[in-house]
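A quick write-up on the structure given underneath.
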Amino acid sequence: MHVDRQQRAVALLAERDLDALLFFTRENLRHLCGFTGSDGVLLLTAAAAVFLTDSRYTTQAGSEVTAARVEEYRLQGDGVIAALRDAGVRRIGFESSLSYGKVSDLRAKGESGWEWLPLGEELDGLRLVKSAEEVAAMDAAAALNAEAFAEVEPLIRPGAVERDLALALEFAMKRRGAEEKAFDFIVASGPRGALPHGVAADRRLAAGELVTIDFGCRVDGYHSDETVTVALGDVDSELRQVFDTVLTAHDLALAAVMPGVPLAELDRIARDHIAAAGYGAFFGHGLGHGVGLAIHEAPTVSMRSKSAVREGMVFTIEPGVYLPGRGGVRIEDTVVATASGARVLTRIPKQFRNLLA
Ligand code: ZN
Ligand code: ZN
């Protein structure tokens, strides 16, 4: 499995006229060679894959990593430069997310004739289409979302503190085997619902409000991502109308998922519906994003997307409307594109629900 993935990456060498590729990010290390630790570098050339790490991880790398050799460094920069010299390379591609400090250090330590080329979108294809095993891990992560939400739902009541609900969800998922929470959970109640990224705060929920909860976890390195908006009693009629608008936008986009359909078209379908209802100005973000080893990864699902749905892509559909000072609604599912359309991995019901009914 890792050998296949490395071969796909090695194919980029010829395409981009490179002699070597360097990978530093945890997600790409895990994907390309199986390493699950926090510090390591993978050097790929046409001749070999070499994994470099520090002494804390040498033993772990020996059992986890698929590579021709594992080498140990004391200082990462020195180790990388020595390995590049051994490989006799000149044009070196690296992840564009690498920090400016690290790039400067490598340039300073390397040969003056070496060329350093940052790669961004060129690398997106490596993790774009998920295997059955990868989808199974995300399905398991999504199942934990549903179980945790069912456990915590009775606590989502007037008087509850947003932060306590976030903590309860995290605890419920970890107790069921989640490795980690996927991000800082959003629990945004009442007027805070107008903040698309309203991380759980000290606010207490009140009757008559909507509560938006955006959460997820990680299983075998892969993430779940899901947003539920629920009502506590009767909510103002306009917010209820906003809810129905967002839900329909979500349902329309979900139904349109099919291999070959432009990702930008999915965004347009949802956006047109929201705009027709008069709320176009209040849906400020893209429709969704890819999910996998990273919580946000390729493909982007927005007006700017240039690619089309491919079988095996996993991404979110998460339209939202945010009315400043009043509240907001976001509804998010994570789906995998199959030959016959979207299979929804996240399972919590998305229809309007009044938890006090
Ligand atoms: Zn989310
Ligand atoms: Zn999301």
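Note that this is a predicted model, so its numbers are computed, not measured. Counting convention: from 1, in listed order, for ligands and their atoms alike. Excluded from the calculations below are hydrogen atoms, water molecules and symmetry mates; all remaining heavy atoms, backbone and side chain alike, are included.
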Ring geometry between F243 and F352 (parallel below 30°, tilted from 30 to 60°, perpendicular above 60°): perpendicular

Close aromatic pair by centroid cut-off 6.0 Å: F35 and F51: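 Close enough - the centres of the two rings lie under 6.0 Å apart.
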
Check: F183 ring centroid to H197 ring centroid under 6.0 Å: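 Here the rings of H197 and F183 have centres that are no less than 6.0 Å from each other.
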
Donor-acceptor contact below 3.5 Å, side chain E162 vs main chain S189: yes

T346 backbone acceptor or donor facing T334 side chain under 3.5 Å: no

Nearby protein N/O/S atoms (those under 2.8 Å) for the Zn ion (ligand 2), with water ignored: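 Counting only protein N, O or S atoms under 2.8 Å from the Zn ion (ligand 2), the list reads D225 OD2, H289 NE2, E318 OE2, E332 OE2.
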
Within-4.5 Å side-chain heavy-atom neighbours: M138 and S224: no

